[in-house]
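Computed from a prediction, not measured in an experiment: that's the story for all the values here. Every heavy atom of this structure was used, including side-chain atoms; hydrogens, water molecules and symmetry mates were not.
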Amino acid sequence: MSDTPFLLPAITADDALALTDAGKATLLDIRKPAAVAADGRRIPGALTRDPFAFGHDDPLMADDRPLIAFCVHGHEVSQFACALLMVHGREARYVTGGFEALVAAGAQTEPAG
């Protein structure tokens, strides 16, 4: 058994936006509903999933688009989504710094709703 921990594939906000702008990946907004409501913004074109309902039977598990998951800060929620997608053989990464980093990197936003 190895002492080296398995690290999930992370991506910077700048690189995530470059890939999505080029049509090479799709953003997956996995923020908790309360966090979305409190912030009031979303990123246009990002797929949205409730992390409390995101599971093995989600249609994304059979999709073939590379996905880049983000939560508020890029910690447990988006890393869980990334790991779950990878269990299903999906190409997935999570954004370090999450939604906040994407906005700071220039991601366009619109009102959530």
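Around CD of Gln108, the count of heavy atoms belonging to other residues, nucleotides or ligands within 6.0 Å does not exceed 12.
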| request: Step by step, work out the side chain to side chain contact (heavy atoms under 4.5 Å, CB included) result for His56 and His88. | output: CA-CA 8 Å; His56 295 283; His88 286 271; 2.7 Å; yes

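Ala16 and Val95 make their closest contact through CB-CG2, 4.0 Å (heavy atoms, listed as atom of the first residue, atom of the second, distance). The heavy-atom pair separating Tyr94 from Gly74 by the smallest distance is CE1-O, 3.5 Å. Closest of all the heavy-atom pairs between Thr109 and Phe99 is CG2-CZ, 4.2 Å. Shown here for Lys24 and Pro66, the closest heavy-atom pair between the two residues is O-CG, 3.5 Å. Scanning both residues, Asp14 and Ala105, for their nearest heavy atoms gives OD1-CB, 3.2 Å.
Taking 4.5 Å as the limit, every side-chain heavy atom of Val72 sits out of range of all side-chain heavy atoms of Asp39. Inter-residue side-chain proximity for Asp58 and Leu84 is flagged as unmet; no heavy-atom pair is nearer than 4.5 Å. Contact annotation: the side chain of Pro51 never approaches that of Ser78 to less than 4.5 Å [non-hydrogen atoms, C-beta and beyond].
No salt bridge links Asp29 with Arg42; every basic N to acidic carboxylate O contact stays at or beyond 4.0 Å.
The aromatic rings of Phe80 and Phe54 sit perpendicular, their planes meeting at an angle over 60°, well past the 30° parallel limit.
Taken to the nearest 0.5 Å, the CD1 atom of Ile68 stands 11.5 Å off from the CG atom of Leu85. Here the CZ atom belonging to Arg93 is positioned 14.0 Å from the CG atom belonging to Leu28, to the nearest 0.5 angstrom. Separation of atoms OG1 (Thr96) and NE2 (His75) is listed at 9.5 Å; rounding is to 0.5 Å. Rounding to the nearest 0.5 Å places CG of Leu67 at 12.0 Å from CG of Leu19. Between the CG atom in Leu47 and the CG atom in Leu60 there is a gap of 6.0 Å [rounded to 0.5 Å].
For the side-chain contact (heavy atoms from CB on, under 4.5 Å) with Arg31, the lone residue among Val77, Thr48, Asp50, Val36 that qualifies is Val36.
Hydrophobic clustering (ILVMFWY, side-chain heavy atoms < 4.5 Å, transitive): Met61 and Leu27 are in distinct clusters.
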